Amino acid sequence: MNPPSAVTRPSRPPAGTPNIRTVAWATMIGTAIEWYDFFTYGIAAALVFNTLFFPADTSPLVGTLLAFSTYAVGFAARPIGGVVFAHFGDKIGRKSMLVLSLLLMGGSTFCIGLLPGYSTWGVAAPLLLVALRVVQGFGVGGEWGAAALMAVEHAPPNRRGFYGSWPQMGVPAGMLIANLAFFALSGNMSDHDFQDWGWRVPFLGSAVLIVLGLVIRLRVSESPVFRAMEKEGRIERRPVIAVLRTQPGNVLRAAGIRFAENSTFYIHTTFVLTYGTTVLTLERDDLLIGVVITAALGLISLPVWGRLSDRVGRRPVVLFGSVLLAALSWPFFWALDSGSLPIIYLVTILCVNVGNHAVYAPQSAYFAELFEPEVRYSGASIGSQAASVLAGGLSPLIATALLEAGDGYHLIALYMTAMALITVCTALISPDPYRESLKRSAPGVPDARPTESTTEMSHG
């Protein structure tokens with residue numbers, strides 16, 4: 001009789017474990033660098049851009065709306081980047097898309113740090129800011145699909161949720177680095193110096209991070225799923241058109257599942273800086289500390305929720321998180337209005353690390369499992385990035401407008417509840433093929449596992 005270890009060895013080849021760990025670190029670190037770029041812009045939009053890139057006689061509220069409008073433009077570019085990167089990611093591979101997205105994001109961020117303000121270049125300054133923001137959004141639109149699929153397609157079948165959460169960890173890691181950079185600068189220089197030149201340092205510092213990211217990502221091997229498809233001639237000629245024709249329902253499901261976390265996240269971490277400083281007159285640094293704490297805890301909470309989704313399924317974890325986000329819509333603002341920093345920090349942690357991350361952590365694995373390998377990049381990216389425009393990019397802008405239109409925060413809390421309920425309804429009508437083979441259309445892959453009614457479930 002074979003010893004127990006001999007029974008499990010075929011499904012967990014010795015070379016696989018170190019490889020997936022290398023891939024997981026590469027996707028997380030590279031994604032952290034790109035999201036550092038993205039959050040650097042978001043923080044600067046909330047703190048600096050409302051006065052720097054618009055006329056001096058612009059009211060504070062209008063300036064904030066204009067700054068968040070440039071923030072939203074980046075999200076509008078994300079689906080375009082998602083579609084373009086998805087087409088080539090399904091045709092020539094995931095790895096090359098990882099490298100290209102990093103160059104686009106880092107290069108545009110560095111250039112933003114060089115831009116003169118409105119007082120120097122007039123209307124050209126905000127126009128160039130918008131153009132560079134579009135490049136940022138285009139790059140990050142293609143980034144997520146590549147990083148998520150590299151992690152999930154390299155992962156053992158029973159740990160796709162866990163390893164798929166590693167690129168998701170790049171978001172709080174990038175947010176942590178960006179906020180720490182701004183916190184260190186604003187805490188060690190006068191407001192005049194920070195507004196004049198200090199805000200540029202985090203943008204210019206992205207040049208160093210680009211080099212680091214490239215070194216890491218160039219060492220990662222191509223996805224085994226893609227290599228098998230390429231070897232067997234399974235490359236789809238027009239993957240974007242193919243996925244929209246054959247699996248439109250799953251594209252809509254991927255978008256709907258993102259609404260809860262994508263909309264509320266930017267309110268909890270970006271809009272809160274504006275609301276707290278302008279409406280409640282709280283200290284900016286105190287609010288930044290709260291964001292830094294939640295970002296640091298995200299490096300723990302995301303893999304925990306990802307691993308739980310491997311045990312109980314993706315859908316139950318998503319449902320739990322989205323219901324909690326809906327329930328916390330009003331308590332979040334009650335905590336802010338209390339003015340008590342411990343209460344604000346506690347409720348923010350509940351919103352982000354428990355509610356938001358329960359929805360976000362399983363998404364890499366969940367979206368990959370919904371689509372066939374030949375169109376997986378396209379389906380996951382289009383669904384994910386469509387939601388980033390409708391939910392994420394517009395949420396700070398919508399929240400600011402609702403704050404002006406309504407009496408206090410009530411309309412904003414209602415908006416957050418509606419976004420969370422969209423995800424609840426979407427998850428309830430979505431399949432949960434977390435136990436099925438990820439490589440079902442590529443039988444040449446060694447660890448492919450045939451399952452019953454795979455195609456039926458994947459098409460919902």
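Please read all numbers here as calculations on a predicted model, not as lab measurements.
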| message | Can you give me the closest heavy-atom contact between Thr423 and Gly256, atom names plus distance? | response | OG1-O, 2.8 Å
| message | Can you give me the closest heavy-atom contact between Val99 and Leu218, atom names plus distance? | response | CG2-CD2, 3.8 Å
| query | Heavy atoms, side chains only, cut-off 4.5 Å: are Phe371 and Ser378 in contact? | reply | no
| When you measure from the side chain of Arg200 to the backbone N and O of Leu115, does any donor-acceptor pair fall under 3.5 Å? | yes
| Side-chain (Asn356) to main-chain (Cys351) donor-acceptor, under 3.5 angstrom | no
| query | Is a donor on one side and an acceptor on the other found under 3.5 Å between the side chain of Asn250 and the backbone of Leu370? | reply | yes
| message | Quick check against the 3.5 Å criterion: does His87 have a side-chain atom that pairs as donor or acceptor with the backbone of Val83? | response | no
| request: Determine the sole option in Arg314, Arg315, Arg376 for which the salt bridge (charged side-chain N to carboxylate O under 4.0 Å, His left out) test with Glu369 is passed. | output: Arg314
| Do the non-hydrogen side-chain atoms of Tyr118 and Leu52 ever get within less than 4.5 Å of each other? | no
| task | Test His357 against Ser165 for side-chain contact (heavy atoms from CB on, under 4.5 Å), laying out the working first. | result | CA-CA 10 Å; His357 287 175; Ser165 70; over 6 Å; no
| Under 3.5 Å: donor-acceptor pair, side chain of Gln385, backbone of Gly145 | no
| field | Among His268, Gln363, Gln168, side-chain hydrogen bond (donor to acceptor under 3.5 Å, both in side chains) partner for Glu261 | value | Gln363
| query | With Tyr409, which of Phe333, Phe332, Tyr275 fulfils ring pair (Phe, Tyr, Trp, His ring centres under 6.0 Å)? | reply | Phe333
| said: Would the distance check show the side chain of Asn188 and the main-chain N or O of Ala184 forming a donor-acceptor pair, the cut-off being under 3.5 Å? | reply: yes
| Main-chain N/O of Gly170 paired with Thr31 side-chain donor or acceptor, under 3.5 Å | no
| said: A quick test of your reading: do over 12 heavy atoms of other residues, nucleotides or ligands sit less than 6.0 Å from OH of Tyr345? | reply: yes
| Arg94 backbone acceptor or donor facing Glu222 side chain under 3.5 Å | yes
| query | With a 4.5 Å limit on heavy-atom distance, are the side chains of Leu185 and Pro202 in contact? | reply | yes
| note | Closest non-hydrogen atoms of Pro167 and Ala148, given as atom of the first, atom of the second and distance, are CG-CA, 4.0 Å
| request: Assign the ring pair Phe203 / Trp199 to parallel, tilted or perpendicular, where the plane angle (0 to 90°) is split at 30° and 60°. | output: perpendicular
| Glu404 side-chain N/O to Thr400 backbone N/O, donor-acceptor pair under 3.5 Å | no
| query | Under the 3.5 angstrom rule, does the side chain of Lys95 hit a backbone N or O of Ser223 as a donor-acceptor pair? | reply | no
| request: Give the intermediate values and the outcome of side-chain contact (heavy atoms from CB on, under 4.5 Å) for residues Leu302 and Met169. | output: CA-CA 6 Å; Leu302 279 166; Met169 290 163 61; 3.9 Å; yes
| Should Tyr366 and Ser430 count as side-chain neighbours, where that means a heavy-atom distance under 4.5 Å? | yes
| request: Let me see the working for Ser381 and Phe367 under side-chain contact (heavy atoms from CB on, under 4.5 Å), right down to the final yes or no. | output: CA-CA 9 Å; Ser381 288; Phe367 295 175; over 6 Å; no
| query | Checking ring pair (Phe, Tyr, Trp, His ring centres under 6.0 Å) for the pair Phe88/Tyr377: CA distance, chi angles, key distance, verdict? | reply | CA-CA 9 Å; Phe88 291 103; Tyr377 198 143; over 10 Å; no
| query | Would you call Phe85 and Leu104 a side-chain contact if the rule is heavy atoms closer than 4.5 Å? | reply | yes
| Stepwise side-chain contact (heavy atoms from CB on, under 4.5 Å) check, Ser108 with Phe138 | CA-CA 10 Å; Ser108 58; Phe138 187 88; over 6 Å; no
| message | Using the rule side chain to side chain contact (heavy atoms under 4.5 Å, CB included), only one of Thr109, Leu103, Ile33 pairs with Ile210; which is it? | response | Leu103
| Do NZ/NE/NH1/NH2 and the carboxylate oxygens of Arg217 and Glu143 come within less than 4.0 Å? | yes
| Flag side-chain contact, heavy atom, 4.5 Å: Asp90 against Ile235 | no
| said: Please find the pair of heavy atoms, one from Ala420 and one from Ser322, that lie closest to each other, and give the distance. | reply: CB-O, 3.5 Å
| Can you tell me how far the OG1 atom of Thr264 sits from the CZ atom of Phe271, to the nearest 0.5 Å? | 13.5 Å
